[in-house]
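Below is one structure, written out as structure tokens; the observations come after it.
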Amino acid sequence: MTKARVRPRQDAASLQVVPATAGRWPDLEDVFGTRGDPSRCWCQWFYEGAQVGPGELAAANKESFRAQVAAGPPPGVIAYLDRAPVGWAAVARRPVYTRLRRSTVLRGTSPSGFEDESVWSVTCFVVKAGARRQGVSTALLRGAVELAQSGGASVIEAYPVDLELKSSATAAELYHGALSTFLHVGFAEVSRPAPARPVVRLYLPEVRSQH
């Protein structure tokens, strides 16, 4: 089992990660942009019924995302590099992501087990092109862990891509995050339903011990 409290990373005040609250909506619009998969999905894929595409589909996804951020609690965290918004990571109680219930990554999880609200999932990363390879994904993951922990999580789960087995992963696949990032932060692999798609978990003993 994996271990320890993990805090958001702030390197010399240049890289900061904070919850994505309603007042930060313009910064989220900046991160998701107007081109590419993020601007079509707006982090809605894991919600049952969402469709990803241009035009009206993208506009509907954006409005759904805006409503989630406005209603709270924060559905994820946003990263700033030198005070400019550069990244996003989604994290919430696993039952919130209704499409996960039918996903092959959770094959073998019973319906009642899926509804455990102490299990949170990290499902999506977006990092702007000019900010990649600067530790943003790792900082976002640490911030997502902190947000989940503050919300009462006892387990944090994710479904990354193992780039050692799939070095040619597309941008559409990489939004799950890279396995190496999760291992670096302290997650451990618990299953592998597909060759390059492990399930990883981080256990938070200080919360779990209360039960």
Side-chain angles (χ1 to χ4, degrees), residues 1-21 23-24 27-28 30-32 38 43 46 68-69 72-94 96-97 100 105 117-164 169 173-190 197-209:
M1 301 300 175
T2 324
K3 43 228 177 235
R5 185 180 180 91
V6 186
R7 290 193 168 276
R9 175 177 165 182
Q10 297 183 27
D11 292 338
S14 65
L15 184 56
Q16 182 184 26
V17 177
V18 297
T21 53
R24 298 185 184 275
D27 294 337
L28 287 168
D30 189 320
V31 170
F32 279 75
C43 213
F46 284 106
Q68 291 158 9
V69 173
V77 292
I78 184 169
Y80 294 84
L81 184 62
D82 294 329
R83 301 186 180 180
V86 295
W88 151 265
V91 61
R93 291 175 177 85
R94 189 172 64 180
V96 167
Y97 299 120
L100 265 179
V105 300
E117 292 203 346
S118 72
V119 180
W120 287 52
S121 293
V122 179
T123 57
C124 178
F125 290 84
V126 177
V127 179
K128 293 179 71 173
R132 293 169 189 165
R133 300 185 182 278
Q134 299 186 60
V136 176
S137 292
T138 299
L140 282 165
L141 180 54
R142 292 181 187 277
V145 168
E146 180 74 6
L147 182 60
Q149 190 171 39
S150 69
S154 61
V155 179
I156 306 172
E157 188 174 83
Y159 323 101
V161 178
D162 186 345
L163 294 179
E164 290 191 3
E173 294 170 309
L174 285 174
Y175 78 86
H176 298 289
L179 174 61
S180 58
T181 302
F182 286 89
L183 297 179
H184 178 71
V185 171
F187 285 71
E189 182 174 336
V190 295
R197 290 297 307 280
V199 176
V200 297
R201 282 186 157 197
L202 178 70
Y203 293 86
L204 302 173
E206 66 271 27
V207 177
R208 187 179 55 181
S209 64

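Position 1 is the first residue of the sequence, and the numbers go up from there.
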Could you tell me if the side chain of [Y] sits less than 4.5 Å from the side chain of [X], heavy atoms only?
{"X": "His176", "Y": "Thr123", "result": "no"}
{"X": "Lys128", "Y": "Asp30", "result": "yes"}
{"X": "Val119", "Y": "Arg201", "result": "yes"}
{"X": "Leu163", "Y": "Ser180", "result": "no"}
{"X": "Ile156", "Y": "Phe187", "result": "yes"}
{"X": "Trp88", "Y": "Pro75", "result": "yes"}
{"X": "Cys43", "Y": "Phe32", "result": "yes"}

> Which of these, Leu100, Val96, Val199, sits in a side-chain contact (heavy atoms from CB on, under 4.5 Å) with Ser121?
Replying inline: Leu100
> Given the rule in the side chain to side chain contact (heavy atoms under 4.5 Å, CB included) test, do Val161 and Arg197 qualify, once you have shown the distances and angles that lead to the verdict?
Replying inline: CA-CA 5 Å; Val161 178; Arg197 290 297 307 280; 3.9 Å; yes
Minimum heavy-atom distance [X]-[Y], with the two atoms named:
{"X": "Trp120", "Y": "Ala153", "value": "CD1-CB, 3.2 Å"}
{"X": "Ala79", "Y": "Val17", "value": "CB-CG2, 4.0 Å"}
{"X": "Gly143", "Y": "Val77", "value": "O-CG1, 3.7 Å"}
{"X": "Pro74", "Y": "Leu147", "value": "O-CD2, 3.8 Å"}
{"X": "Gly87", "Y": "Val31", "value": "N-CG2, 3.7 Å"}
{"X": "Ala188", "Y": "Leu183", "value": "CA-CD2, 4.5 Å"}

> Is the side chain of Arg142 donor-acceptor paired with the backbone N or O of Val185 at a distance under 3.5 Å, no angle test?
Replying inline: no
>> Closer than 3.5 angstrom, by distance alone: can the side chain of Arg93 be matched with the main-chain N or O of Ser118 as a donor-acceptor pair?
In response: no
> Which word best sums up how the rings of Phe46 and Tyr159 line up, parallel for under 30°, tilted for 30 to 60°, or perpendicular for over 60°?
Replying inline: tilted
Nearest 0.5 angstrom please: [X] [atom1] to [Y] [atom2], how far?
{"X": "Thr138", "Y": "Phe125", "atom1": "OG1", "atom2": "CZ", "value": "8.5 Å"}
{"X": "Asp82", "Y": "Gln134", "atom1": "CG", "atom2": "CD", "value": "8.5 Å"}
{"X": "Leu179", "Y": "Glu189", "atom1": "CG", "atom2": "CD", "value": "6.5 Å"}
{"X": "Leu141", "Y": "Thr181", "atom1": "CG", "atom2": "OG1", "value": "7.5 Å"}
{"X": "Arg24", "Y": "Ile78", "atom1": "CZ", "atom2": "CD1", "value": "7.0 Å"}

